[in-house]
Amino acid sequence: MLDEVNETIMYLDMCDLDQIAESGQCFRWMPCREGGYLVHDGADQAYIKQIGTVLVVRYAGNTLAKWFRYLDAGTDYRHILESIPDDDKYLRAAADRGCGLRILRADLWETMVSFIISQNNNIPRIKASIYALCRKLGKPRRSLLGEVGKDLGKDFYFTFPTPADMADLDALQGLGLGYRDKYLAELARDVMLGRFRPDKLQDMSTDEAHRYLKSVRGIGDKVANCILLFGLGRHDAFPVDTWMKKIIDREYGGKFPLERYSGTAGVIQQYMFYAERTR
DNA sequence: GCCCAGGCGTCCC
DNA sequence: GGGACGCATGGG
């Protein structure tokens with residue numbers, strides 16, 4: 001039954017929804033008046049509310065496994081936190097502040113588009129553009145709560161547009177995308193025509209996938225790393241944006257000791273980014 | 001008017 | 001391979 005609404009509880013260690021919502025990796029989390037978030041990813045929606053150490057997850061049909069994966073519920077973040085050496089006072093404090101952060105495993109296409117939009121842009125504007133993009137080119141679907149945020153309308157949310165929905169440059173006007181509109185239309189067309197194959201990324205090494213992503217116009221070093229980290233679950237990818245540059249200059253004399261965190265550098269990066277943004 | 005934002009493409013050396 | 005510069009757009 002496609003429209004069936006289910007609800008379950010999930011025990012998840014080291015998880016704080018408010019921290020994740022403010023961590024710059026998800027742009028379609030809508031806080032609800034009664035608490036919790038309406039979370040959108042690709043074509044799907046869930047309502048997730050945290051009560052202490054328990055997550056209440058409301059979801060449609062048989063998508064529970066998807067949300068389990070989305071929340072990266074199989075990863076032991078306590079272990080990562082404890083692996084941070086005591087001699088790095090800055091990082092210990094940053095990780096302590098953001099100890100409820102997790103690396104979301106978001107929809108790959110949405111992650112590619114979102115982080116192309118993110119370049120030389122700020123988070124409120126990124127959210128506004130993505131919101132407008134979904135509203136204009138996504139498809140309306142019945143909402144789990146009978147409402148979405150403040151002004152999307154009472155009963156519907158919008159799916160994230162597909163490559164086919166986004167291949168027309170004219171349709172991307174008026175969304176505040178700026179010069180990035182051309183990158184998106186070109187990528188959407190290439191995906192539609194099979195000239196760029198996101199599905200191939202899964203089987204590549206992180207280095208290979210990084211190179212392949214960078215072959216897309218509009219995807220450079222940093223955006224490629226964000227896609228690897230948030231869209232492909234590669235916790236070894238280490239995005240460095242202007243905030244991270246500031247931290248690395250101030251705390252590490254311009255050179256971060258990446259070799260200490262092989263395999264989890266991306267997670268560590270998220271603690272640093274969050275700490276800097278909220279200090 | 002400036003500078004900045006989860007940067008990148010292009011040009012020039 | 002590295003360093004300027006332009007790029008759309010809105011907020012401070």
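A note on names: the letters A, B, ... follow the listed sequences, proteins ahead of strands, and every chain is numbered from 1. Only a predicted model underlies this, so the values are computations on that prediction, with no experimental measurement involved.
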For [X] and [N], give me the distance from atom [atom1] to atom [atom2], rounded to whole Å.
X	N	atom1	atom2	answer
A:Leu228	B:dG6	CG	C1'	15 Å
A:Lys222	B:dG6	NZ	P	8 Å
A:Ile227	B:dG7	CD1	C1'	12 Å
A:Leu184	B:dG7	CG	P	15 Å
A:Asn120	C:dG11	CG	P	16 Å
A:Asp221	C:dG2	CG	P	11 Å
A:Ile126	B:dG7	CD1	C1'	11 Å
A:Ile123	C:dG11	CD1	P	16 Å

With a non-hydrogen cut-off below 4.0 angstrom, is [X] in contact with a base, only sugar-phosphate, or nothing?
X	result
A:Ser114	nothing
A:Leu177	nothing
A:Arg180	base
A:Phe230	base
A:Asp181	nothing
A:Gly24	base
A:Gln173	nothing
A:Ile116	nothing

Considering only the [atom1] atoms, how many Å lie between [N] and [M], rounded to the nearest integer?
N	M	atom1	answer
C:dA8	B:dC11	P	15 Å
B:dC3	C:dA4	P	16 Å
B:dC2	C:dC5	P	15 Å
C:dG6	B:dG1	P	16 Å
B:dG6	C:dG12	P	13 Å
C:dC7	B:dC4	C1'	14 Å

- Does the aromatic ring of A:Phe273 sit over the six-membered base ring of B:dG6, closer than 5.5 Å centre to centre and tilted less than 30°?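 Yes; by the centre-distance and plane-angle rule, A:Phe273 counts as stacking on B:dG6.
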Heavy-atom neighbours of A:Arg78 CZ exceed 12 at 6.0 Å =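 At most 12 heavy atoms, drawn from other residues, nucleotides or ligands, come within 6.0 Å of this atom.
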Should A:Ser129 be listed as having a side-chain N or O under 4.0 Å from OP1 or OP2 of C:dT9?
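No, A:Ser129 has no side-chain N/O under 4.0 Å of OP1/OP2 on C:dT9.
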**Asked** Below 4.0 angstrom, N of the basic side chain to O of the carboxylate: do A:Asp72 and A:Arg102 qualify?
**Response**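 Salt bridge: no.
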Requested in this report: Could you work out which one of B:dT10, B:dG6, B:dG7 sits closest to the side chain of A:Met244?
Outcome: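 The closest nucleotide is B:dG6.
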From the set B:dG7, C:dT9, B:dG9, return the single nucleotide nearest to any side-chain atom of A:Tyr183.
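For the A:Tyr183 side chain, the nearest candidate turns out to be B:dG9.
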Q.
Distance to the ring centre below 6.0 angstrom and angle to the axis at most 45 degrees; does that hold for A:Lys49 and A:Tyr37?
A.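 Not satisfied by the 6.0 Å and 45° rule.
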A:Arg142 to A:Phe156, cation-pi by 6.0 Å centre distance and 45° axis angle
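Yes - A:Arg142 lies over the ring of A:Phe156, closer than 6.0 Å to its centre and within 45° of its axis.
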- Would you check if the side chain of A:Thr63 reaches a backbone N or O of A:Ala60 as a donor-acceptor pair within less than 3.5 Å?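 Yes; at least one donor-acceptor contact below 3.5 Å.
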Taking the six-membered ring for Trp, are A:His235 and A:Tyr77 parallel (under 30°), tilted (30 to 60°) or perpendicular (over 60°)?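 It falls in the tilted class, 30° to 60°.
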Describe, in one word, how the ring planes of A:Phe115 and A:Phe230 are oriented to each other, choosing from parallel (under 30°), tilted (30 to 60°) and perpendicular (over 60°).
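Ring orientation, 0 to 90° scale: parallel.
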Side chain of [X], base of [N]: donor and acceptor closer than 3.5 Å?
X	N	value
A:Gln119	B:dG9	no
A:Asn121	C:dA8	no
A:Gln269	B:dG6	yes
A:Tyr179	B:dG7	yes

Pick the closest DNA chain B nucleotide for A:Arg217 and for A:Pro239 by heavy atoms, then say which residue is nearer the 5' end.
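Comparing both residues, the 5'-ward one is A:Pro239.
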*asked:* Go nucleotide by nucleotide along DNA chain B from the 5' end; which of A:Lys214 and A:Gln270 gets its closest nucleotide reached first?
replied: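 First, find each residue's nearest nucleotide; the 5'-ward one identifies A:Gln270.
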